Amino acid sequence: MYGLVNKAVEEMVISQFGEDTWETIKAKAAVEEEMFISNEAYPDDITYRLVASASETLGFTPNQVLESFGMHWVLHTALEGYGDLLAAGGATLPEFLQNLPSFHTRLTLIFPKLNPPTFKITEFFDKSLHLHYYSDRPGLTYFVIGLLKGLGVMYKTELGISLINSRAKGSDHEEFLLTWQADGSSP
Ligand code: HEM
């Protein structure tokens, strides 16, 4: 994945636990890079090793690390670095979700080697929709949950998230039922 992802993990750990903890996590993960370059592609394995090592070092489960990382990604990495792009995704949370399937397409201009996830929306009603998440990468379901929670915070809209189908249950993708009470205001 692009260095931007590993850099965001670094930034999240340092902001919450300090530089020394980050150095410990990196050493345990046997990651030798001094720093990550945002627009350079790195093997996915580096990101997975960092998440596993953060989980071990901090005493959280890998899914807890991934969920926190998803929230950090939306509320810091994306909002601070790509605010205009994010705002262009929709004026309300339901609008953003409806546009999510094409969101990463725009990003391939900035990141030509992007291997993005695929999202599909079905059963889109006033206060609910089904979000389908397809990826070549295993194990990132809780990253998606964190991203969705981050979007809920960003749009000040309470979002209900239930995982109703998954690769763990034999499907070829994850399916979430998302529900909300009222449309949030613009970010
Ligand atoms: C401006 C905001 C965003 C940027 C710049 C961005 C960029 C990226 C980048 C660079 C990757 C790594 C993929 C690779 O290197 O091949 C990625 C992965 C991913 N993104 Fe985004 N993204 C943004 C917002 C979102 C949002 C809002 C969601 C969903 C709610 C999302 C869902 C994901 C997921 C699930 C992955 C993991 C890859 C996978 O599942 O295969 N992203 N994104």
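Ligands are counted one by one from 1 in listed order, and the atoms in each one are counted from 1 as well. Computed from a prediction, not measured in an experiment: that's the story for all the values here. When reading the values below, keep in mind they use all heavy atoms of this one structure, side chains included, and skip hydrogens, waters and symmetry mates.
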Is ligand 1 less than 4.0 angstrom away from at least one heavy atom of Val5?
yes
Near atom 21 (Fe) of ligand 1 (cut-off under 2.8 Å), count of protein N, O or S atoms:
1
N/O separation below 3.5 Å, Asp136 to ligand 1:
no
Could you pull out all donor-acceptor pairs under 3.5 Å where a side-chain atom in residues 135-148 meets a protein atom, sequence neighbours excluded?
from   : atom 1 : to     : atom 2 : distance (Å)
Ser135 : OG     : Arg137 : N      : 2.8
Ser135 : OG     : Arg137 : O      : 3.4
Asp136 : OD2    : Asn115 : ND2    : 3.4
Arg137 : NE     : Asp44  : OD2    : 2.6
Arg137 : NH1    : Asn115 : O      : 2.8

Nearest heavy atom to atom 37 (C) of ligand 1 wins, so pick from Leu86, Thr77, Leu140, Asp84.
Leu140
Test item: Ser15 and His72 side chains (from C-beta on) under 4.5 Å apart, heavy atoms
yes
So Pro101 and Ile121, do their side chains get closer than 4.5 Å, heavy atoms only?
yes
Any chance you could measure Ser55, atom OG, to Leu50, atom CG, to the nearest 0.5 Å?
12.0 Å
Leu58/Gln64 under side chain to side chain contact (heavy atoms under 4.5 Å, CB included): CA gap, chis, key distance, verdict:
CA-CA 10 Å; Leu58 302 171; Gln64 284 171 326; over 6 Å; no
Nearest-neighbour protein heavy atom for atom 1 (C) of ligand 1, which is reported as residue plus atom name and distance:
Tyr82 CB, 3.5 Å
Which ligand 1 atoms does Val144 reach within 4.0 Å, using its non-hydrogen atoms?
35 (C)
Side chain to side chain, Phe103 and Leu86, heavy atoms closer than 4.5 Å:
yes
For residues Leu100 and Leu114: do they belong to one hydrophobic cluster (side chain heavy atoms under 4.5 Å, members Ile, Leu, Val, Met, Phe, Trp, Tyr)?
yes
Any non-hydrogen side-chain atom of Lys127 less than 4.5 Å from a side-chain atom of Thr179?
no
Looking at CE of Met35 and CD of Glu10, how far apart are the two atoms once the value is rounded to the nearest 0.5 Å?
8.5 Å
Any idea which atoms of ligand 1 are less than 4.0 Å away from a heavy-atom of Ser135?
39 (C), 40 (O), 41 (O)
Quick one: look at Asn115 and ligand 1, take heavy-atom pairs under 4.0 Å, and tell me if it's side chain, backbone, both or neither.
both
Which residue and non-hydrogen atom of the protein lie closest to atom 15 (O) of ligand 1, and at what distance in Å?
Tyr2 N, 2.8 Å
Distance under 4.0 Å to a non-hydrogen atom of Tyr133: what atoms of ligand 1 satisfy this?
35 (C), 39 (C), 40 (O)
Nearest protein heavy atom to atom 13 (C) of ligand 1, by residue and atom, and its distance?
Leu114 CD1, 3.6 Å
Go through the structure and list residues passing ring-ring contact (aromatic ring centres under 6.0 Å, His included) with His130, not counting sequence neighbours.
none
With heavy atoms of Phe143 as the reference, note each atom of ligand 1 found under 4.0 Å away.
34 (C), 35 (C), 36 (C), 37 (C)
What residues, two or more places apart in sequence or in another chain, satisfy salt bridge (charged side-chain N to carboxylate O under 4.0 Å, His left out) together with Glu67?
Lys149
Are the side chains of Asn6 and Val31 in contact, using a 4.5 Å heavy-atom criterion?
no
Give the single entry among Arg106, Glu40, Arg137, Lys113 that approaches atom 14 (C) of ligand 1 most closely by any heavy atom.
Arg137
